[in-house]
Amino acid sequence: MLVLFQEARVLEVSLFVPCLVEDLYPEIGEASARVLTRAGAKVLYPRGQTCCGRPVYENGHFDQARSLARRFIDLFENAGYVVAPSGSCAHMVKHCYLELFADDPAMLHKAKDLSSRTFELCDFLVNVMKVVDVGAYLEGRAAYHDSCRVGRLLGLKKEPRILLCGVRGLELVELARPDACCGFGGAFSVRFPEVSKTLVADKVADVMDLNANYVVSAEVSCFMNLKGYIEAHGLPVKALHMAQVLDSGKGS
Amino acid sequence: METKNSDFRTRSAKACLDVHLGQTLKKAACVHKAKTDKAFLKFERVEEFRALAHEVKERSLSKLPELLTRLEASVRKAGGVVHWARDASEANAIVLGIAAKNHVRSVVKGKSMVTEEIGLNKALLDTGCEVLETDLGQYIVQLANEPPSHITAPAVHKTRFQVADLFAEKLNVPRTEDIGELTLTARAALRQKFLCADMGVTGANMAVAETGSIVLVENEGNIRLTVTAPRIHVAVMGIEKVVENLDDAAVILSLLARTATGQTLSSYTSVITGPRRDGELDGPYEFHLILLDNGRSAIFSEPALREILYCLRCGHCLSVCPVYEKVGGHSYGGVYPGPMGSVLTPLLAPVGEADDLPFACTGCGACAEECPVQINIPKLLLALRAKNPKGKKGSQTFAWLAGHPGAFRAAASALRGLDPKLEKTRRAPILGRPLRAWAKNRSLPRLKKPFSKRWPNLEKELGKLRDKT
Amino acid sequence: MTSDARETILSRLRQGLKASSGPELEPDAQAAPSSGHEKPRPDIPDHDFWKKFQEELKSLNAQVFSAKDLTKAKEMLARILKEREVKSAVIWDHPVLEALGAARVLRDAGVKILPDASSREGFCSQAGAADLGVTSAQAVILESGSLVVRAGKGLERSTSLLPPVHLAVVADAKRLTHIPNLAGLLRTWKDEEGRLPSAVHVITGPSSTADIELVKVLGVHGPLKLIVLMVLEGDAG
């Protein structure tokens, strides 16, 4: 196995804990922190985090989104790198904040600064820390789901795959339609549950077609969606978040 | 436009149960993807042209009043007549007026979304005129008395067996399931109609202010027949479709067929400038262009929404939309389905009717990535959602909580104490509904000891981990 | 008659322009400079152009014949008429077809040329009764494998549309390499009053549809068959 430690620097990284992670999947936060530490970073955790504002933004409630964005920008103003195990949250900060403050030069300046320091987890590991092997070990076949906000909106298609290839024991298999939407789409999943269900059912069927043991996502909401569907139907496949995969095999 | 509360939820839920529809739509999407991927592989400058096309539309709209008056002058110079219609009923009245004046008894039509939008067929039929759709897919849905389900493939939801039954019943021909034979049947049935029709009605993909031309794009040849055989040609066009000059038109043409059907150009791209000239033996004696507003000037006046007016009606966004692929065109309730329809229909329909459509989107971004004129549809949908008071209270509450971490933590803590598996909350008002909707097909996540409480131990663990590494 | 509507619509739009702000709306914006993408590239040698053009045509299900001179072209035309058992045809009145002697070849092959002076029906109906429509193509586009035909006196639209077979003679045609070149070409076709021809059709393959189950069928309203007879004498453009 190739172990590529091209450049492991001791960086300080502030962990951005998405709201879904805080209360529903804290283990993803823990896994992310351990993975970053193993990669050589010093993980910090600014207190008082609640939500980046994405859910209200997607409802078109921009004033509410701006108030949460201001708070968030403040909270991380003096942080160095900010890393989130979530594409939708990272995208919110990196891109949507700039739109929210397009007419407010002072806030826009701060938002741009924060944007330049904020990364999704796989992006940070591969492109900033230049780490592709975090010493993980997990046996089995894994199918990677290209979440819309990770693959398409953030352009991160190779990074998760590179990291998965670095996991010992893991065979990465490609779905027939890896970037087909899993049907979560935020409130879409509960406003139009029938359509949402059809989409997630299709995605999971695609995973089962490959006899994969795991379906992996770098986006918390997709993970929640896939996991929920799989468990409700008792299917022989496990949904995992990237952070969990990368944290595997090290006494986790 | 026939939108009466699109009720996307009910229609889409029903569509999801239609196995045949699902298979058809999936096949259509895959075929489309293969064709367009191939077309774009051959076209190295696609990104450059998308940006150019966006700029063409942006510039055209920035000068819209001026271009429309220039267009009018150019059409007149070419011997055509220009009419202006504020809304659907004015547009229909104009067409009926032209028909009445010229003793028109039969009309043939090229496929035109805008004439669907204004309900022209019904207006003509009500006067006793015969109206025949000539695009094969449109002809099929007309015979079946259904609305079209897709912009470029109106009968994509029908099987050959359904078409076989339809033709046998309505056209009194021996039943055949062979697609080639079915097509020839339609060709023969419609050919006579073309030659006898008094008036041909089309839309227009673009109009060129420089020359007073309209541009028509098709594969079948029915539009060419519509503008060649009958003695009168009426073109109905949304005011947003005018471009400044022939170069602009050519930029659009460089992309249109590629995204619509994966062809470099459609079989027939026609540039029509006025009626026939002296000495010509075919073509219409009269050319009429009806410039239709019908809500477009209102969209134009809202900068946050104006971009939807760039739409070329190529249908590409439908073919890449994961939601459309599952639910098909009829679920959207109006003339324009899919991503572009989710923006346009609520804006053209009476206020409030179709305000569920902007939410019928997962935000995946495929449409924006693929649109030939780079319309940021997800952004437009957010702007539409912003206009809707639905859920505002919820957002305000959430935002307040998220702005007060102490309260947020207390609420989460209380919920975890009382109902970690969210079983009781499922029956609660307000929060219960989304939870129940989720729980229909998925297990609900559990509230656990939050990350913030775990941090002190985690911090120590990380310290040890750092020392080891 | 619609002047009220006209004024209302224009004034709504002018109001709408005033109401908007933002750098993307500049009413004085000039048309984008040509940036060179629409200029024909003269450095493609004749031979390569026509070779590539033929390949494009073939990929579109068009049948292509290539003759190195008019005599050979005449022979090919005669052969096509015989093979296809053409009984009647409509034909353009165009210098290229005259130089080829196409009408003569048709008559010699026993093909009846329509319209029949004795019939009272319109040109379209006559063309609809023909087995074959013969036109030239005033221009071609390499990028798409297209023929460009323009309407005019003696250059009927129906000829390339109604008969089940359309035969286009390509000789002395303007060569466009890319679709954006169309703009410049069309401008050269403006008359003394600055008007474009009443109809210009860019023909790219035969008529087709895939409206039933996405299965492609040729010849739904327009011609089923497109035949291109290229005459590539020394200077073919």
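It should be emphasised that the depicted structure is a prediction, and the values quoted were computed from it without experimental measurement.
There is no side-chain donor-acceptor pair under 3.5 Å between Gln263(B) and Thr204(C).
Between Lys27(B) and Glu213(C) there is no salt bridge, since no side-chain nitrogen of the basic residue lies less than 4.0 Å from a carboxylate oxygen of the acidic one.
Interface check for chain C: of the options Ser267(B), Ala250(B), Ser301(B), Gly279(B), the most heavy-atom pairs under 4.5 Å are formed by Ser267(B). For the set Gly205(C), Gly128(C), Ser158(C), the entry with the most heavy-atom pairs within less than 4.5 Å of chain B is Ser158(C). Contacts with chain C were tallied for Glu220(B), Arg276(B), Glu280(B); Glu220(B) has the most, counting heavy-atom pairs under 4.5 Å. When Pro154(B), Ala155(B), Ser254(B) are compared by the number of non-hydrogen pairs under 4.5 Å with chain C, Ser254(B) comes out ahead.
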CA sep, side-chain torsions, deciding dist, call: Asp293(B), Thr8(C), side chain to side chain contact (heavy atoms under 4.5 Å, CB included): CA-CA 10 Å; Asp293(B) 184 344; Thr8(C) 309; over 6 Å; no

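No donor-acceptor distance shorter than 3.5 angstrom exists from the side chain of Asp247(B) to the backbone of Ala183(C), with no hydrogens or angles considered. Formation of a donor-acceptor pair under 3.5 Å by the Tyr268(B) side chain with backbone atoms of His201(C) is not found in this model. Arg157(C) places a side-chain N or O within 3.5 Å of a backbone atom of Asp282(B) that can act as its donor or acceptor partner.
Ala85(B) approaches Ile9(C) most closely through the heavy-atom pair O-CD1, 3.5 Å.
The contact between Phe43(B) and chain C is made entirely by side chain atoms (from C-beta outward), counting heavy-atom distances below 4.5 Å. Using a 4.5 Å cut-off between heavy atoms, Gln192(B) makes no contact with chain C at all. Thr261(B) does not touch chain C: none of its heavy atoms, backbone or side chain, sits under 4.5 Å away. Neither the backbone nor the side chain of Ser59(C) has a heavy atom closer than 4.5 Å to any heavy atom of chain B. Contacts of Lys77(B) with chain C are made by both backbone and side-chain atoms, with heavy-atom separations under 4.5 Å. Proximity to chain B (any heavy atom under 4.5 Å) is restricted, for Lys190(C), to the side chain, taken from C-beta onward. Using a 4.5 Å cut-off between heavy atoms, Arg258(B) contacts chain C through its side chain alone, with no backbone atom that close. Proximity to chain B (any heavy atom under 4.5 Å) is restricted, for Leu214(C), to the side chain, taken from C-beta onward. Looking at Arg191(B), the atoms closer than 4.5 Å to chain C (heavy atoms on both sides) all sit in the side chain, from C-beta outward. The contact between Leu190(B) and chain C is made entirely by side chain atoms (from C-beta outward), counting heavy-atom distances below 4.5 Å. Both the backbone and the side chain of Val220(C) come within contact range of chain B, each with at least one heavy atom under 4.5 Å from a heavy atom of that chain. Contact annotation for Leu68(B): only side-chain heavy atoms (C-beta onward) come within less than 4.5 Å of a heavy atom of chain C.
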